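Note that the structure is a prediction, hence the values are computed from the model and not measured. Indexing begins at 1, ligand by ligand and atom by atom, following the structure's order.
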Amino acid sequence: MIATETKIETVSYLINGAWETPDGRTLHPVTNPATGAVMAQVPFATASDVDRAVRTAHEAFLKWRDVPVVDRCQVLYRYKALLEKHAGEVAGILTRENGKTLDDSKAEVRRMIQMVEVACGMPSLMMGDSLNDVAHGIDCKTIRQPIGVCAGITPFNFPAMVPMWMHPFAIACGNTFVLKPSEKVPLTPTRAIELLHDAGLPPGVLNLLHGGKEAVDALLHHPLVKAVSFVGSTPVARYIYMTAAAEGKRVQALGGAKNHLVVMADADMPKTVEAIIGSAFGAAGERCLAGSVLVPVGDAAGPLLDLLVKRTKALAVGDGSQQGVEMGPLVTSDHCRKVEGYIEKGVAEGATPLVDGRERKAEGGFFLGPTIFDNVTPEMTIGREEIFGPVLSVMRVGTLEEAIQLVNRSPFGNATAIFTSSGKSAREYSSKCEVGMVGVNVGVAAPMAFFPFAGWKNSFFGDLHAHGKDAISFYTEQKVIMSRWF
Ligand code: NAD
């Protein structure tokens, strides 16, 4: 029997500035991964809920686009202040529904606030170019205008930060927004949107819905939705890209990952091991930037694996809300079973377990310890597929050139890192790898809010990346105006 916390709340929608809990919708449980207890239930929006939210957003757009950009940003300044004030509370909700450690949640909330800070610079960011006398008496300028109703569909692993890659930029540009966050972790984005509402955002500028495929499909096919931002797994990202693009919408769809960490023999091993631990097992491996394949080059393998295995066995696994815990549970029992299934496949397909996370399963929550497999090949299931859990596969190679070939054969290209004390190796690897985000002695190469974020190959479908200057291009249309006055 599934345990239930005493007070079960039903998560609300925000449509046209009013919070509502609709009747008669399918309800799905939201669990606390550290205890397995049901803590809330989430209603699944129907196509008609989506239609109402989009129409509301469209009505609001007709007014919001004419609000001066400096005034639009005032709402974001107030939002930032509220987020700062409630940062601890938001981090607590995040740990409770997602399972990541409180330190990780605080870091995520810091990142979400940084997105708002960058979007506050929209008066400068939206500026166009101008040149007088492009011909006799003729001046030319470019302006950026908002595009209309934009939609955001987000994953479970960063419920505070990922929605912020989208809506602060979109609304600062003068668009309106419909957000459909992950149904597994709806409480964090709902609390964040409550604060945005409290900051004085006019009704309809941001609308929040919950749900699954029906809601997403309704957004993808709605004629008033002009742009779709998606972050999630590769199969869904590909589907979103193809469906929304076929409807003539602008799309950015960030997908899954299988990230390689290349370690040269000249790396600083103790520091490298700490970085690998953070990358592979931080947030229980549920990060799109998580290191999932370790590639020791030449003589690196011996000293690296000795240290890494010792450190991994000592990793503190437990309830992320407790002090000293380094790795929390997986998000749901289904996901925990899926990751365990990958470990079983690794053993069955002939990889050598150096650390087996199944030995550290704990009662109650969705716990699995960190796992390291040696002698993994790119053909094995664990060497090929995104696991999205605390499982690190070791693929040994002889030279840096072989490492580059191995990385470039992967169908994914989200993030990677090289650990070395050689500038030459770092430069060669950074230049030749076919990957969107590269760390040099950095295990989680997460670009800050003012830089763009996205991978290559099957990790990204679209042209313009998330946040940074790309966000302004994505959420605006450019216009060129030539003028002559008689
Ligand atoms: P997911 O693809 O299962 O879900 C993402 C969103 O899509 C959710 O809102 C979900 O409700 C919706 N969705 C799920 N199935 C759908 C379907 N068939 N049709 C329409 N909508 C659907 O992803 P997840 O499990 O929530 O998140 C983990 C995945 O996200 C991992 O693959 C991870 O690598 C990826 N991710 C990528 C990035 C990045 O920047 N590339 C960042 C974070 C997470």
### Task
Measure the distances from the heavy atoms of K184 to every atom of ligand 1 and state whether one is below 4.0 angstrom.
yes

### Query
For ligand 1, is there an N or O atom under 3.5 Å from any N or O atom of E183?
yes

### Query
Considering distance alone, does some N or O of N157 sit under 3.5 Å from an N or O of ligand 1?
no

### Task
Using a 4.0 Å heavy-atom threshold (strictly under), name the region of F230 that reaches ligand 1: side chain, backbone, both or neither.
side chain

### Query
atom 5 (C) of ligand 1: which of V231, V236, V216, L220 has the nearest heavy atom?
V231

### Polar atom proximity, F388 to ligand 1 (N or O, under 3.5 Å)
no

### atom 37 (C) of ligand 1: the protein heavy-atom neighbour that sits closest, reported with distance to 0.1 Å
G255 O, 3.1 Å

### Task
Determine, using heavy atoms of V162 and all atoms of ligand 1, whether some pair is separated by less than 4.0 Å.
no

### Query
Short list, please: which atoms of ligand 1 are under 4.0 Å from a heavy atom of N414?
41 (N)

### Message
Please check this pair: side chain of H335 against backbone of F388, looking for a donor-acceptor N/O pair closer than 3.5 Å.
### Response
yes

#### Entry: Side-chain heavy-atom pair I372, F281 within 4.5 angstrom cut-off
yes

### Atoms in ligand 1 flagged as close to E386, the criterion being non-hydrogen separation under 4.0 Å
31 (C), 32 (O), 33 (C), 34 (O)

### Task
Decide whether the shortest distance between a heavy atom of F44 and an atom of ligand 1 is less than 4.0 Å.
no

### Query
Should the pair H197 and W19 be assigned to parallel (<30°), tilted (30 to 60°) or perpendicular (>60°) ring geometry?
perpendicular

## Note on the structure
Residue, atom and distance of the protein heavy atom nearest atom 27 (O) of ligand 1 read P155 CB, 3.3 Å

### Task
Return a yes/no value for K180: is any of its N or O atoms, backbone included, closer than 3.5 angstrom to an N or O of ligand 1?
yes

### Query
Is it true that E194 and R191 have a side-chain N and a carboxylate O under 4.0 angstrom from each other?
yes

### Message
So L330 and E286, do their side chains get closer than 4.5 Å, heavy atoms only?
### Response
yes

### Message
Pairs of nitrogen or oxygen atoms closer than 3.5 Å, one from I240 and one from ligand 1: do any exist?
### Response
no

### Query
Looking at ligand 1, does S182 have a heavy atom less than 4.0 Å from it?
yes

### Query
So, are D374 and R396 salt-bridged, with charged N and O less than 4.0 Å apart?
yes

### Summary
When every non-hydrogen atom of R358 is compared with those of D356, the smallest separation belongs to NH2-OD2, 2.7 Å

### Message
Under the criterion ring-ring contact (aromatic ring centres under 6.0 Å, His included), I'd like the reasoning laid out for F44 against H210: C-alpha separation, chi angles, the key distance, then a yes or no.
### Response
CA-CA 6 Å; F44 269 36; H210 300 286; 9.2 Å; no

### Message
For a 4.5 angstrom cut-off between non-hydrogen side-chain atoms, does M395 reach T377?
### Response
no

### Query
Would you say W165 has any N or O atom under 3.5 Å from an N or O of ligand 1, going by distance alone?
no

### Message
So for F453, does at least one of its heavy atoms come nearer than 4.0 angstrom to any atom of ligand 1?
### Response
yes

### Summary
The atoms of ligand 1 lying under 4.0 Å from a heavy atom of I153, numbered in the order shown, are 6 (C), 7 (O), 9 (O)

### Query
Any side-chain heavy atom of F367 sitting closer than 4.5 Å to one from K361?
no

#### Entry: F453 and W165 aromatic ring geometry - parallel, tilted or perpendicular at 30°/60° bounds
tilted

### Message
Is there a polar contact between ligand 1 and T234, counting only N or O atoms under 3.5 Å apart?
### Response
no

### Task
Measure from atom 32 (O) of ligand 1 to the protein's non-hydrogen atoms and state whether any distance is below 4.0 Å.
yes

